[in-house]
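Below you'll find the structure, written out as structure tokens, and then a few comments.
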Number of protein chains: 4
Amino acid sequence: MNGEWKARRKPTQARAIATWDAIVEACAQVLRDEGAAAVSTNRIAEVAGVSIGSLYQYFPNKESVLLALADREVETLRDNLEALLRVSGDLHAEVVVEQVIRGMFAMREQHVLLMRVAQADRDLPDMASRRVAVAESLRDMVRRLLARRKGQVREMDADVVSFVIVHAIQGNLQAIDGGLEPWFLSKDELIDEIVALVVRYVRADPPAG
Amino acid sequence: MNGEWKARRKPTQARAIATWDAIVEACAQVLRDEGAAAVSTNRIAEVAGVSIGSLYQYFPNKESVLLALADREVETLRDNLEALLRVSGDLHAEVVVEQVIRGMFAMREQHVLLMRVAQADRDLPDMASRRVAVAESLRDMVRRLLARRKGQVREMDADVVSFVIVHAIQGNLQAIDGGLEPWFLSKDELIDEIVALVVRYVRADPPAG
Amino acid sequence: MNGEWKARRKPTQARAIATWDAIVEACAQVLRDEGAAAVSTNRIAEVAGVSIGSLYQYFPNKESVLLALADREVETLRDNLEALLRVSGDLHAEVVVEQVIRGMFAMREQHVLLMRVAQADRDLPDMASRRVAVAESLRDMVRRLLARRKGQVREMDADVVSFVIVHAIQGNLQAIDGGLEPWFLSKDELIDEIVALVVRYVRADPPAG
Amino acid sequence: MNGEWKARRKPTQARAIATWDAIVEACAQVLRDEGAAAVSTNRIAEVAGVSIGSLYQYFPNKESVLLALADREVETLRDNLEALLRVSGDLHAEVVVEQVIRGMFAMREQHVLLMRVAQADRDLPDMASRRVAVAESLRDMVRRLLARRKGQVREMDADVVSFVIVHAIQGNLQAIDGGLEPWFLSKDELIDEIVALVVRYVRADPPAG
DNA sequence: TATGAATGAGCATTCATTCAT
DNA sequence: GATGAATGAATGCTCATTCAT
């Protein structure tokens, strides 16, 4: 172990960049196809088609490769969220909520990887900040969506509500790709139900009486 | 690796049972006190005060020990849930929801262990069934609580709703003990907010018009 | 690296002792026959006819093997010195000095090993104490020899004189087995000359005038 | 490994000489500041501010760099000795002996580096010749000092005596900077005592009777 | 039945050296 | 000539598992 969890340097020469990317991508691939337990520097180098020495030229240790992968995934997650926000326009709340959830769902499928990385080394201190980054990005998106619909939703603390929503959705999505998908519930039905959960949570209360 | 994930046998003789328990407890202890990375058969045997040979007399491999521990924890989780149900009586919905969430929260704190085991070897196929067992137990509790309050809640599919509720809660609790607890939200406030989420989700809709 | 430089434990079972000894002896052999650069845990285990795992069962790291070897050599050095003292009887100073030097010389030849170990890892902090132990043992022997010949030698500080003598001899012996043996000087002539050096150093001064 | 232990060539162009020197100096620096274990071609090149490729342009392998450094140090040692001889003039024997020892001592302190190099790779065959060179230089100096004082010293074989003297001194100096400096003896006292050793060794014998 | 000595595949990491640019 | 990306053999060490006693 080493104490440095950052990549030694993000190289600038073309060939070096290719190697760097190949290593991170190989890490992704191994994690995706062979599971967290199979992630070893030797395997990564092998899959990357690169010598073990090259791997250590760019990364001071195994953890730093995982961290680099996590950063890459956080990056693309953010891009996806921006795209989602851009298209969500001024649609009605229920529609947009469904869109968001479907979006998160799609992202999840696409980013199981990130979750695996994040969990793969939960003892690794710097991984925590990546988990925070993911949560923050999602929460930020929800906050902005709600802000655009001031009239349609009840008065509430945007920070709190967005936190609860994001993690309620995450919890349900996680249940599914953790293999907990139940026989009585299709993926689409589940999404409809989560929409109901969220919409009921934020919609304006009926006038008392 | 071995292909068998079950304990070789749950022994019946008194001394053998003691040994078996000591091993599982040692596994729990190491996991709790030294972290998932420290869990090794040699360490478990050492902490259990048992020779490595004895460990392998009762368990065919490392994974089976973790599985046995998971089973033990699932068992006590179920007991805790039963207790919760017994005391929840006929309280008003909001009160009981809060109770349930606090209960789940307490259990989580108490059962971090189970979560750690469950995650510790997510590649281990048989661990999935334990995760299912946990989810099922929780869902069952929620279903029974809702059933007792037919009048206070809207018409709905108990299976679906209990699924969504359990995982919405789980997602939020997970966020907290994953270190995502945000500055703007105390644990108690979060619980209040989850109560709101659930209550709004299940409460009878106001008459249209 | 590990921080522990001691053998994990000196075993008591017969088979275990045999393994322990085989490892230390293999270390000696590699050091003697293949040089300090060839000393690796894998090579030691191989030469010992033992698996690498067994080596690490008894020694926490490479350095501790070298240290154990150093201790073994210090031990036999002490035994040799005791023997030398026992036979030196009440011989005349010059004779006994020659004997001592020949003794040290013989030991040196026999203990090149110890010197190699001691130097092999001079960065290893605990090795220093072994070097001290060697020097102390030799000095102690000289001190005792001088004490027995009070009348034949001048008045002097035994600590100081024994220190100077031991290292003067060591320096010359070292020169030889460091490959510095010169064409103009046979080993025997050198010994005679060192005898002269020491005898002249300690003999009673002629009465002034 | 390569079989060639000499520098590929000592370059003649100004810029090339600068590079060559930078590499040797960097080697010295690493050895001095970071210890023998830290000496690697990559580190040397880095400290020299030179690419690893350039290092291998001038030196066929790592050992040749150490050898070049050893040569440089032998060179300055010789210069120092010449200076010492020049100033020693016609002083009385005891005074000059003390001066010599102090001189050797100072040189040792200054040339720990050389000793470290010499020891750093004692398996390297060509390093032996550098050790010989050091010994020869010192012996030569002693021989010349004695020659100038023919009348004050006894009849003796200059080669033999100078050899014994040099290594007797070396042995004692080595003891000190090997960390064997004892509580009962200050550095100055030790030097006084070595002076006594040498003076008694070479002084004319009293007339028999 | 219990013990613990022994095994060895496997992992993270280093470093001397080469060679395309 | 200089650069530095790339190589890969080798090293220290861990840990699940077996088996003789």
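Judged by closest nucleotide on DNA chain E, C:S54 is the one of C:S54 and A:A37 placed further toward the 5' end. Projected onto DNA chain F by closest heavy-atom contact, D:T19 and B:K62 fall at different nucleotides, the more 5' of which corresponds to D:T19.
In the set F:dA6, E:dT13, F:dG12, F:dG12 carries the atom at the smallest distance from any side-chain atom of C:Y56. Set against E:dA5, F:dG4, F:dT7, the side chain of A:S51 has F:dT7 as its closest nucleotide. The A:N61 side chain lies nearest to E:dT13 when the options are E:dT17, F:dT17, E:dT13. Relative to the side chain of C:Y58, the nucleotides E:dA2, E:dA6, F:dC13 differ in distance, and E:dA6 lies closest.
Between C:I17 atom CD1 and F:dT21 atom C1' the separation is 16 Å, expressed in whole Å. Taking atom CG on A:D21 and atom C1' on F:dA5, their separation rounds to 15 Å, with Å as the unit. Counting to the nearest Å, the P atom of E:dA16 and the CG atom of D:L55 are 10 Å from each other. Remark: P of F:dA5 and CD1 of A:I23 are 12 Å apart, rounded to the nearest angstrom. For the pair A:I52 CD1 and F:dT11 P, the interatomic distance rounds to 17 Å; values are reported in whole Å.
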Handout entry: Bracket string, DNA chain F, 5' to 3' - pairs by Watson-Crick or G-U geometry under 3.5 Å, | interstrand
Key = .||||||||||||||||||||
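Contacts between residues 39-50 of chain D and DNA chain E, defined by a heavy-atom separation under 4.0 Å, are made by D:V39, D:S40, D:T41, D:N42.
Between atom CD of residue D:E25 and atom CZ of residue D:R32 there is a gap of 5.5 Å, rounded to the nearest 0.5 Å. Within the model, atoms CD of C:E34 and CD of C:Q29 stand 8.0 Å from one another, a figure rounded to the nearest 0.5 Å. Here B:L66 contributes atom CG and B:D126 contributes atom CG; the two are 12.0 Å apart, rounded to the nearest 0.5 Å. The distance from atom CD1 of A:I23 to atom CZ of A:F59, rounded to the nearest 0.5 Å, is 5.5 Å. Put simply, CG on C:D71 and OG1 on C:T76 are 11.0 Å apart, with the number rounded to the nearest 0.5 Å.
In this model, the phosphate group of E:dA2 is approached by a side-chain N or O of B:Q57 to a distance below 4.0 Å at OP1 or OP2.
Two residues are said to be in side-chain contact when any heavy atoms from C-beta on lie closer than 4.5 Å; B:V39 and B:K62 meet this criterion.
Put simply, the residue from A:L31, A:V74, A:I44 that forms a side-chain contact (heavy atoms from CB on, under 4.5 Å) with A:L69 is A:L31.
Although no hydrogens or angles enter the test, the distance criterion places no donor-acceptor pair under 3.5 Å between the side chain of C:R131 and the main chain of C:M127.
Here the closest non-hydrogen pair linking C:L55 and C:T41 is CD1-O, 3.6 Å.
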